Amino acid sequence: MAGTTFGMDGETRPVDYAAINAVWVSLAAALVASTRKRGSEDPITNQELIPLAAATFAVSKAVARERIGSWVREPFVDQAEGQRPKGNRIRRAVGELVTCTRCVGTWSALGVVGLRVLHPQAGKTMSMVLASSAANDWLQAGFKLLTEQTNLVGSKLPPTD
């Protein structure tokens with residue numbers, strides 16, 4: 001793992017990652033325990049999987065990559081150094097987590113699905129808002145790629161007089 005040196009004081013150790021994982025597992029267990037009966041009242045349907053996944057994508061991208069999420073990363077990441085984790089041990093491990101979209105995605109999924117199960121209407125609304133944001137990201141990226149390719153092809157055409 002990047003930034004991991006075992007046995008040196010202050011560097012990230014496996015126990016630091018285990019502590020972060022323990023927090024996630026505890027939150028997930030609390031969610032499951034507190035929503036045992038609610039799942040049968042308003043279950044998450046297969047049709048909700050794509051919006052929930054897109055919502056998770058939108059949150060994780062915002063936290064790990066976007067300027068709007070810099071306040072979350074700032075205590076743990078030296079953003080002037082290319083988002084390099086700062087500090088030692090847990091602080092550094094959290095810095096690694098908040099710069100990894102896949103890692104943040106796991107936490108985001110817990111929050112998005114948790115909201116959906118605890119407060120179904122609010123969860124559905126937020127999922128749709130965030131899924132729409134994710135769709136916008138994909139459409140903007142596709143449009144940018146399309147225009148770049150069009151401009152590239154256009155620049156290789158012989159001039160017309």
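The first residue in the sequence is number 1, and the count goes up from there. Remember, predicted model here, so these are calculated numbers, not experimental data.
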Undergrad: Please check if atom CZ in Arg91 has more than 12 non-hydrogen atoms from other residues, nucleotides or ligands closer than 6.0 Å.
TA: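 Counting neighbours around CZ of Arg91, more than 12 heavy atoms of other residues, nucleotides or ligands fall under 6.0 Å, so yes.
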Undergrad: Which value, rounded to the nearest 0.5 Å, describes the distance between Asn151 atom CG and Lys156 atom NZ?
TA: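 Those atoms lie 12.5 Å apart.
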Undergrad: Do Gln83 and Asp78 have side chains that get closer than 4.5 Å, going by heavy atoms?
TA: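 Counting from C-beta outward, Gln83 and Asp78 never come under 4.5 Å.
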Undergrad: Would you give the length of the straight line joining atom CG of Leu118 to atom CG of Leu31, rounded to the nearest 0.5 angstrom?
TA: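 These two atoms lie 5.5 Å from each other.
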Undergrad: Under 4.5 Å between side-chain heavy atoms, counting indirect links through other Ile/Leu/Val/Met/Phe/Trp/Tyr residues: same cluster for Val104 and Trp24 or not?
TA: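 Cluster IDs for Val104 and Trp24 match.
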Undergrad: Do Val117 and Val129 belong together in a cluster built from hydrophobic side chains that touch within less than 4.5 Å?
TA: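 Different clusters: Val117 never reaches Val129 through Ile, Leu, Val, Met, Phe, Trp or Tyr contacts under 4.5 Å.
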Undergrad: Supply the atom-to-atom distance Leu139 CG to Ser132 OG, rounded to the nearest 0.5 angstrom.
TA: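 The CG atom of Leu139 sits 10.5 Å away from the OG atom of Ser132.
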Undergrad: Quick one: do Val72 and Val23 end up in the same hydrophobic cluster if we chain Ile, Leu, Val, Met, Phe, Trp and Tyr together by side-chain heavy atoms under 4.5 Å apart?
TA: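 Val72 and Val23: one cluster.
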Undergrad: So, the side chain of Arg92 versus the backbone of Thr12: is there a donor-acceptor pair under 3.5 Å, distance only?
TA: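 Not a single qualifying donor-acceptor pair exists.
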Undergrad: Could you walk me through whether Lys144 and Gln149 pass side chain to side chain contact (heavy atoms under 4.5 Å, CB included), step by step?
TA: CA-CA 9 Å; Lys144 181 180 178 186; Gln149 291 299 313; over 6 Å; no
Undergrad: Under the 3.5 angstrom rule, does the side chain of Arg73 hit a backbone N or O of Val63 as a donor-acceptor pair?
TA: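 Yes: the side chain of Arg73 pairs with the backbone of Val63.
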Undergrad: Without swapping roles, check the side chain of Arg65 against the backbone of Thr99 for a donor-acceptor pair under 3.5 Å.
TA: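 Such a contact is found between Arg65 side chain and Thr99 backbone.
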Undergrad: Quick one: OG on Ser127 to CG on Leu52, what's the gap to the nearest 0.5 Å?
TA: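 Rounded to the nearest 0.5 Å, the OG-CG separation comes to 4.5 Å.
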Undergrad: State, with a plain yes or no, whether a side-chain heavy atom of Ile20 is found less than 4.5 Å away from one of Asp16.
TA: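 Not touching, per the 4.5 Å side-chain cut-off.
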Undergrad: Check the surroundings of atom CG in Leu27: do more than 12 heavy atoms from other residues, nucleotides or ligands lie under 6.0 Å from it?
TA: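 Yes, because the 6.0 Å sphere around CG of Leu27 holds more than 12 heavy atoms from other groups.
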Undergrad: Within a strict 4.5 Å, meaning less than it, do heavy atoms of the His119 and Met126 side chains meet?
TA: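 Not in contact.
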Undergrad: In Å, rounded to the nearest 0.5 Å, how long is the span from CZ of Phe57 to CG of Leu130?
TA: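 Phe57 atom CZ to Leu130 atom CG measures 11.5 Å (nearest 0.5 Å).
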Undergrad: Check the pair Glu11, Arg89 against salt bridge (Lys or Arg N to Asp or Glu O under 4.0 Å), reporting the backbone distance first and the verdict last.
TA: CA-CA 5 Å; Glu11 292 294 327; Arg89 307 278 323 255; over 6 Å; no
Undergrad: Less than 4.0 Å between a side-chain N and a carboxylate O, is that true for Arg116 and Glu48?
TA: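 Looking at Arg116 together with Glu48, the answer is yes, because their closest N to O distance falls below 4.0 Å.
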Undergrad: With rounding to the nearest 0.5 Å, note down the distance linking CG in Leu110 to CG in Leu115.
TA: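 Leu110 CG to Leu115 CG: 11.0 Å, rounded to 0.5 Å.
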Undergrad: If you look at every heavy atom in Ser60 and Ser108, which pair is closest and at what distance?
TA: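 Answer, listing the atom of Ser60 first, then Ser108: N-OG, 3.6 Å.
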Undergrad: Determine whether Leu97 and Trp107 make a side-chain contact, defined as any pair of heavy atoms from C-beta on separated by less than 4.5 Å.
TA: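 Answer yes - side chains close enough.
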Undergrad: Okay, side chain of Asn21, backbone of Tyr17: is any donor-acceptor separation there less than 3.5 Å?
TA: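 Present.
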Undergrad: So does Ile68 have more than 12 non-hydrogen atoms from other groups sitting under 6.0 Å from CD1?
TA: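 No, the 6.0 Å shell around CD1 holds no more than 12 heavy atoms from other groups.
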Undergrad: Between Val112 and Leu49, is there a shared hydrophobic cluster once you connect ILVMFWY residues whose side-chain heavy atoms come closer than 4.5 Å?
TA: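 Unlinked, Val112 and Leu49 end up in two clusters.
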Undergrad: What I'd like to find out is whether the side chain of Glu96 reaches to under 4.5 Å of the side chain of Val77, using heavy atoms alone.
TA: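 No; the side chains remain at least 4.5 Å from each other.
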